[in-house]
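Heads up: the structure comes next, in structure tokens.
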Amino acid sequence: MKIEKEERSSKRKLSLFDATMLVMGSMIGSGIFIVSADIMRNLGSGYWLIVVWVITGVMTVAAAISYGELSAMFPKAGGQYTYLKEIFGKMMGFLYGWGLFTVIQTGTIAAVAVAFGKFTAYLIPALNDAAPIFQSGSYKITWIQILAIAVILLLTYINTKGVEGGKILQNIFTGSKIVALIGLIILGFLLVKNSFWTGNMGFGWSAFNNLKTDPSGNFLKSGWESISGMTIVGGIAAAMVGSVFSSVAWENVTFVSGEIENPKKNVVRSMVLGTTAVMILYLLVNFVYLNTLSRDSIGFALNDRVAVVASEQIFGSGIGTIIIAVLVMISTFGCVNGIVLAGARVFQSMAEDGMFFKAALKNNKNGVPEKSLWMQGIWASVLCLSGQYGNLLDMISFVIVLFYMITVFGVIYLRIKKPGADRPYKTWLYPVTPIIYLLIGAAFCALLLVYKQQYTWPGLVIVLLGVPVYFFINKKEQ
């Protein structure tokens with residue numbers, strides 16, 4: 001076992017640049033092109049839209065800075081799973097890994113792959129128009145889902161051929177979407193004839209919501225209601241479900257620490273550089289939305305695809321749709337690749353601890369955990385067919401933040417428990433940085449428990465189902 005671990009750590013093929021591209025590529029999927037519609041419906045003001053993204057940005061970068069201390073202390077594959085196991089014991093590590101395999105990692109892969117399929121349908125309308133392959137009541141299997149599965153299996157296959165292929169693909173697609181986003185941001189201010197910036201910002205700190213729907217479930221454009229006090233706070237929490245989910249997966253880089261050059265320094269550098277750059281891009285993209293579209297156009301964009309409507313305003317209805325469709329296809333393809341590449345390493349680390357299928361343990365001749373990759377890919381494909389991945393991800397945002405909080409708390413816990421431990425990197429502005437994350441995270445989770453319980457208990461149930469599984473596995477081992 002030790003020989004295998006040493007072999008893996010000796011073959012470090014990912015540079016700081018590669019690791020940063022993995023962070024950015026895993027974060028930028030389809031969320032930034034969609035979730036601002038829901039934020040606007042919840043808060044109804046340009047100021048509050050920006051506030052939600054700023055809070056999310058501060059939260060994300062604070063977590064990345066805090067994780068850096070743990071990544072330097074435990075510079076090996078498995079990342080967050082390893083941190084939780086080493087700090088709080090095997091059961092906590094297992095519950096995280098269980099949640100990761102059942103829905104967090106695989107559900108994200110499924111959702112982003114289906115987003116790839118939906119935006120491909122903009123370019124190939126036959127995908128939308130085709131009759132379902134199978135339908136029984138409300139359940140159906142469509143060609144978009146089949147395309148999503150094909151993308152997952154293709155990227156899984158490419159990643160079984162070695163880190164080099166996945167790395168090159170990641171760098172190309174992440175670089176492409178960064179350039180495209182910057183282009184969209186610049187042109188969003190240069191080419192727009194009618195700016196809505198003043199109107200959107202004219203509401204000031206007044207907040208409104210408009211969550212009324214007709215009998216078919218479509219949002220009604222009339223009926224903005226002024227909100228204040230705790231209703232605004234609840235609206236912020238609800239709005240942040242989307243922005244938080246658009247800003248996760250940066251920790252994927254910790255999963256492949258064993259394959260990164262000089263991991264004690266480069267993992268934290270890549271997390272801080274990557275998260276900061278992405279959150280700045282996200283903020284600027286929202287400035288484009290506020291400049292090109294009215295409040296109603298943002299809040300009630302067809303299928304929440306705000307970026308499509310904004311692009312049509314910038315480039316014209318025909319070419320604007322095509323530009324955004326291609327951009328989202330590039331973005332989601334690269335995002336799926338990054339998440340596929342990283343996730344399998346966690347399940348391999350779990351297998352080393354007897355917490356996952358033994359088949360996931362071995363590397364193939366290319367030095368990658370091929371069977372772990374295929375297990376992840378097949379389950380993500382099943383979730384694509386289930387049609388429930390979107391609901392699962394709404395439910396799991398709460399749990400993702402909860403695990404982030406536990407991990408960030410681990411930094412403080414270890415400082416108290418093991419003050420003399422070797423820390424090649426120490427959290428910047430400790431203890432302020434982890435406390436900022438814990439305060440924002442605790443407020444977010446508490447408000448969701450009070451105001452939006454549908455986003456909380458289902459995710460907790462999924463994770464807690466891992467408790468009997470953990471005891472069953474340990475009983476089997478004894």
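Basis for what follows: all heavy atoms, side chains included, without hydrogens, waters or symmetry-related copies.
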For the side chain of Thr231 and the backbone of Ile227, is there at least one donor-acceptor N/O pair under 3.5 Å apart?
-> no

Do Glu261 and Asp18 have side chains that get closer than 4.5 Å, going by heavy atoms?
-> no

Might you point out which heavy atoms bring Ser26 and Asn252 nearest each other, and give the distance in Å?
-> OG-CB, 4.1 Å

Flag if over 12 foreign heavy atoms under 6.0 Å of CH2, Trp197 | yes

Using a strict 4.0 Å threshold on nitrogen-to-oxygen distance, state whether Asp296 and Arg41 make a salt bridge.
-> no

Using the test side chain to side chain contact (heavy atoms under 4.5 Å, CB included), find all partners of Val463 that sit at least two apart in sequence or belong to another chain.
-> Leu95, Val399, Phe403

For Tyr404 and Glu251, run side chain to side chain donor-acceptor pair (under 3.5 Å): C-alpha distance rounded to whole Å, both residues' side-chain angles, the deciding distance at 0.1 Å, then the answer.
-> CA-CA 9 Å; Tyr404 279 166; Glu251 77 281 4; 2.5 Å; yes

Rounded to the nearest 0.5 angstrom, the CD1-CG distance for Ile87 and Leu84 is 6.5 Å

From CA spacing to verdict: side chain to side chain donor-acceptor pair (under 3.5 Å), Ser294, Ser297 | CA-CA 5 Å; Ser294 66; Ser297 296; 3.0 Å; yes

Show your reasoning for whether ring pair (Phe, Tyr, Trp, His ring centres under 6.0 Å) applies to Phe208 and Phe203.
-> CA-CA 9 Å; Phe208 311 83; Phe203 297 109; 5.5 Å; yes

Contacts of type ring pair (Phe, Tyr, Trp, His ring centres under 6.0 Å), residue Phe255, not counting sequence neighbours = none

In sequence, state the C-alpha distance, the side-chain angles, and the governing distance for Thr20 and Ser270, and then conclude on side chain to side chain donor-acceptor pair (under 3.5 Å).
-> CA-CA 4 Å; Thr20 306; Ser270 66; 5.0 Å; no

Spacing of Asn291 atom CG and Leu190 atom CG [to the nearest 0.5 Å] = 10.0 Å

Ignoring hydrogens and geometry, is there a side-chain-to-backbone donor-acceptor pair from Ser311 to Val308 under 3.5 Å?
-> no

Measuring from Ser243:OG to Asp38:CG, what's the distance to the nearest 0.5 Å?
-> 9.5 Å

Might you work through the side-chain contact (heavy atoms from CB on, under 4.5 Å) test for Lys418 and Tyr413, ending with a clear yes or no?
-> CA-CA 8 Å; Lys418 298 180 179 179; Tyr413 180 81; over 6 Å; no

Would a 4.5 Å heavy-atom cut-off, applied to side chains only, mark Val340 and Leu373 as touching?
-> yes

Taking only Lys NZ, Arg NE, NH1 and NH2, and the carboxylate oxygens of Asp or Glu, determine whether Arg423 and Glu69 approach each other closer than 4.0 Å.
-> yes

Leu155 vs Leu169 side-chain heavy atoms within contact, under 4.5 Å = yes

Sorted by chain and number, sequence neighbours left out, side chain to side chain donor-acceptor pair (under 3.5 Å) with Asn210 holds for none

Exam field: side chain Thr427 to backbone Tyr430, donor-acceptor pair closer than 3.5 Å | no

With no hydrogens and no angle check, is any side-chain donor or acceptor of Gln105 less than 3.5 Å from a backbone partner on Ile339?
-> yes

How long is the span from the CG atom in Leu16 to the NZ atom in Lys265, to the nearest 0.5 Å?
-> 11.5 Å

Please, which pairs that meet ring pair (Phe, Tyr, Trp, His ring centres under 6.0 Å) have at least one residue in residues 13-37, sequence neighbours excluded?
-> none

Ile109 vs Trp379 side-chain heavy atoms within contact, under 4.5 Å | no

Side chains of Ser246 and Trp53 in contact at under 4.5 Å (non-hydrogen atoms) = yes

Does Ser372 reach the main-chain N or O of Pro369 with its side chain, forming a donor-acceptor pair under 3.5 Å?
-> no

Would you find a donor on one side and an acceptor on the other, under 3.5 Å apart, between the side chain of Ser331 and the backbone of Ile28?
-> yes

Would you find a donor on one side and an acceptor on the other, under 3.5 Å apart, between the side chain of Asn474 and the backbone of Tyr470?
-> yes

For Tyr437, the side chain to side chain donor-acceptor pair (under 3.5 Å) test, sequence neighbours excluded, returns none

Has the side chain of Trp224 got a donor or acceptor atom that lies under 3.5 Å from a matching backbone atom of Gly44?
-> no

Between the main-chain N or O of Gly338 and the side-chain N or O of Gln170, is there a donor-acceptor pair closer than 3.5 Å?
-> yes

Side-chain touch Tyr67/Trp250, heavy atoms, less than 4.5 angstrom | yes

Between Tyr81 and Met355, is a side-chain contact (heavy atoms from CB on, under 4.5 Å) present by the stated rule, with each step listed?
-> CA-CA 11 Å; Tyr81 161 75; Met355 296 284 106; 4.1 Å; yes

Would you please classify the geometry between the Phe116 ring and the Phe333 ring as parallel, tilted or perpendicular, with 30° and 60° separating the classes?
-> tilted

Ion pair check, Asp353 and Lys85, cut-off under 4.0 Å | yes

Would you please test Leu414 and Leu70 for side-chain contact (heavy atoms from CB on, under 4.5 Å) and show each step?
-> CA-CA 9 Å; Leu414 282 182; Leu70 300 178; 3.9 Å; yes

Thr156 and Asn159: CA distance, side-chain angles, deciding distance, side chain to side chain donor-acceptor pair (under 3.5 Å) verdict = CA-CA 5 Å; Thr156 299; Asn159 278 282; over 6 Å; no

Quick one: CD on Glu225 to CG on Leu211, what's the gap to the nearest 0.5 Å?
-> 9.0 Å

Nearest 0.5 Å please: distance from the OG atom of Ser195 over to the CD atom of Gln313.
-> 11.5 Å

Can you name the closest pair of heavy atoms from Gly29 and Thr332 and give their distance?
-> C-CG2, 4.1 Å

With sequence neighbours left out, write down each residue that passes ring pair (Phe, Tyr, Trp, His ring centres under 6.0 Å) with Phe444, or none if nothing qualifies.
-> none

Does NZ or CZ of Arg295 come closer than 6.0 Å to the centre of the six-membered ring of Phe196, within 45° of the ring's axis?
-> no

Hey, are the side chains of Met40 and Phe300 touching, using non-hydrogen atoms and a 4.5 Å cut-off?
-> no

State, to 0.1 Å, how close Ala307 and Ile324 come at their nearest heavy-atom pair, and which atoms those are.
-> O-CG1, 3.4 Å

Heavy-atom donor-acceptor pair, Trp98 side chain to Ile462 backbone, under 3.5 Å | yes

Ring centers of Phe347, Phe101 separated by less than 6.0 Å | yes

Decide side-chain contact (heavy atoms from CB on, under 4.5 Å) for Leu402 and Leu460; before the verdict, give the C-alpha distance in whole Å, the side-chain angles of both, and the deciding distance to 0.1 Å.
-> CA-CA 10 Å; Leu402 213 54; Leu460 276 174; 3.9 Å; yes

Qualifying residue, where the test is salt bridge (charged side-chain N to carboxylate O under 4.0 Å, His left out) with Glu259 and the options are Lys13, Lys76, Lys167, Arg345 = Arg345

Check whether any side-chain heavy atom of Lys426 sits under 4.5 Å from a side-chain heavy atom of Arg415, and report yes or no.
-> yes

Candidates Ile473, Leu465, Val467 - the one meeting side chain to side chain contact (heavy atoms under 4.5 Å, CB included) with Val469 | Ile473

